[in-house]
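Below: the structure, in structure tokens.
Proteins get letters first, then strands, A, B, ... in listed order; numbering begins at 1 in each. All values reported here derive from a predicted model rather than from experimental measurement.
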Protein chains: 2
Amino acid sequence: MSLRHAILVLLQDQEASGYDLAREFANSIGLVWNATHQQIYLELGKLNDQNMVKFRHIPQDGKPDKKLYRITEEGRDELIRWLRKPAAPPRIRDAFMVKIAGGALSDSSSILRELDDQADLRRERLHTFEALARKLDEQGRDKDLFTYLTLRRGILDQQAWLHWADEVKTALNKREILSTSA
Amino acid sequence: MSLRHAILVLLQDQEASGYDLAREFANSIGLVWNATHQQIYLELGKLNDQNMVKFRHIPQDGKPDKKLYRITEEGRDELIRWLRKPAAPPRIRDAFMVKIAGGALSDSSSILRELDDQADLRRERLHTFEALARKLDEQGRDKDLFTYLTLRRGILDQQAWLHWADEVKTALNKREILSTSA
DNA sequence: ACTACTTATTCAACGGATTGCGCAGCAATA
DNA sequence: TATTGCTGCGCAATCCGTTGAATAAGTAGT
């Protein structure tokens, strides 16, 4: 139940619209928490009802009107309170891994195909994360240390995954050879 | 929506009660998918209504009666169908990481404290996974190759996490020194 | 000219997940 | 003796999340 807190974190430094936040959830924070725009708008509504955020209405021409949200004192208090108490360990729900665990039922080729698809995705992520980390490093990483550390987490995660994928490949290939030669 | 499939995977090799499954979700499969007993009993009910599983009633003395579930033909078909179509990428929701991203608001000491707690948990997991992997290795890992690969995933994951935690520590310590000497 | 994408917000329906509770008896420990 | 813990099942309320759609106007590409 901490979509609200992720939003409050984002609103710490800047005033933003629901749309802006949705974009950030698709990029930066998406690394550690994801949410769709529907969820975000809903949560912003609740946060507003509870006086954690307030907004001002910005009419625009050429584009639809928007609401720019900013965090309130109460919101900041709530965020700090939340930061202080220990976080619940993340619940793991990885469908692809369930497939691996049940892999005895599938044939190796279809596993390998999906493994490659997932690996492509991870490799892509790895490159974007590395590019962002490099950019931060050039600017002196201390300014945005926590963004940098978050990126490092993502990078190490992708690398570990890709390493695992290699292990799977070699294991399945060895197996393939054994079963065809038998 | 694949708690059902995780259950079907478990029922592949053995007949089991809801209670048995709950235990396995707390251990082996819990590595990749977790669920509480309420969810499991509910899902078993649904699976039974859809003829994916069937059960027999086992009266016991000393202990409460139980229901032993086993997978049906239909259930196996459904599982195979699911295994064939690509899995959606897992959505990430890591509250602790949200805290890191919002870390500028907390003080280093409280972050470090929580980091240590999480690290203890990860180290503990790492040891249990490694012990299980070693046991499988002795028995010749090919028999249970997919369990072995799942464990390897868990091991690499914990190692990557712990490595990251070290990076965070050194980064925050360096920072601490800079701010106190200034 | 038509299609597709971007900006911007919101509603409605459904299903999945969490939290809290309740029952029931046995075994072991403090 | 009281409490905790294990085996075993289940219901109900609520909340969270996903999917799908609607509205509305501008811009860019085929």
Under 4.0 Å between a side-chain N/O of [X] and OP1 or OP2 of [N], yes or no?
{"X": "A/Arg23", "N": "C/dT6", "value": "no"}
{"X": "B/Arg4", "N": "C/dG16", "value": "no"}
{"X": "B/Gln39", "N": "C/dG16", "value": "no"}
{"X": "B/Lys63", "N": "C/dA24", "value": "no"}

Worksheet item: In terms of the nearest nucleotide of DNA chain D, which residue is placed more toward the 5' end: B/Ser17 or A/Thr36?
Response: B/Ser17
Discussion item. Five pairs per end, C1' atoms only: what is the angle between the end axes of the helix from C/dA1-D/dT30 to C/dA30-D/dT1, to 10 degrees?
Written reply: 40°
Practice prompt. Looking at every strand, decide which applies to B/Gln60 at a 4.0 Å heavy-atom threshold: base, sugar-phosphate, or nothing.
Written response: sugar-phosphate
Worksheet item: So B/Asp20 and B/Ser17, side chain to side chain donor-acceptor pair (under 3.5 Å) or not? Walk me through it.
Response: CA-CA 5 Å; B/Asp20 294 334; B/Ser17 67; 3.1 Å; yes
Send over the distance from [X] [atom1] to [N] [atom2], rounded to a whole Å.
{"X": "A/Asn48", "N": "C/dT10", "atom1": "CG", "atom2": "C1'", "result": "15 Å"}
{"X": "A/Tyr19", "N": "C/dT6", "atom1": "OH", "atom2": "P", "result": "7 Å"}
{"X": "A/Arg56", "N": "C/dA8", "atom1": "CZ", "atom2": "C1'", "result": "16 Å"}
{"X": "A/Leu47", "N": "C/dT9", "atom1": "CG", "atom2": "P", "result": "15 Å"}
{"X": "A/Ile58", "N": "C/dA8", "atom1": "CD1", "atom2": "P", "result": "11 Å"}
{"X": "A/Tyr69", "N": "C/dA8", "atom1": "OH", "atom2": "C1'", "result": "11 Å"}
{"X": "A/Ile40", "N": "C/dT7", "atom1": "CD1", "atom2": "C1'", "result": "15 Å"}
{"X": "A/Leu21", "N": "C/dT7", "atom1": "CG", "atom2": "P", "result": "14 Å"}

Closer than 4.0 angstrom, basic N to acidic O: yes or no for [X] and [Y]?
{"X": "B/Asp49", "Y": "B/Lys46", "answer": "no"}
{"X": "B/Asp157", "Y": "B/Arg125", "answer": "no"}
{"X": "B/Glu78", "Y": "B/Arg81", "answer": "yes"}
{"X": "B/Arg123", "Y": "B/Asp120", "answer": "yes"}
{"X": "B/Arg153", "Y": "A/Asp94", "answer": "no"}
{"X": "B/Glu15", "Y": "B/Arg56", "answer": "yes"}

Fill in: Given C/dA24, C/dT10, C/dT18, the nucleotide with the shortest approach to the side chain of A/His37
C/dT10
Fill in: Audit row: B/Glu130, B/Ile155, side chain to side chain contact (heavy atoms under 4.5 Å, CB included) steps and yes/no
CA-CA 7 Å; B/Glu130 282 177 336; B/Ile155 288 167; 4.0 Å; yes
Item to complete: Check whether any side-chain heavy atom of A/Gln38 lies under 4.5 Å from a side-chain heavy atom of A/Glu43, and answer yes or no.
Response: no
Worksheet item: Taking the six-membered ring of A/Trp82, is NZ or CZ of B/Lys99 closer than 6.0 Å to its centre and within 45° of its axis?
Response: yes
Discussion item. For A/Gln38 and A/Asp65, find the nucleotide of DNA chain C closest to each by heavy atoms; which residue's nucleotide sits nearer the 5' end?
Written reply: A/Asp65
Discussion item. Distance under 4.0 Å to a non-hydrogen atom of chain A counts as contact; along DNA chain D, which nucleotides mark the start and end?
Written reply: D/dC16 to D/dG26
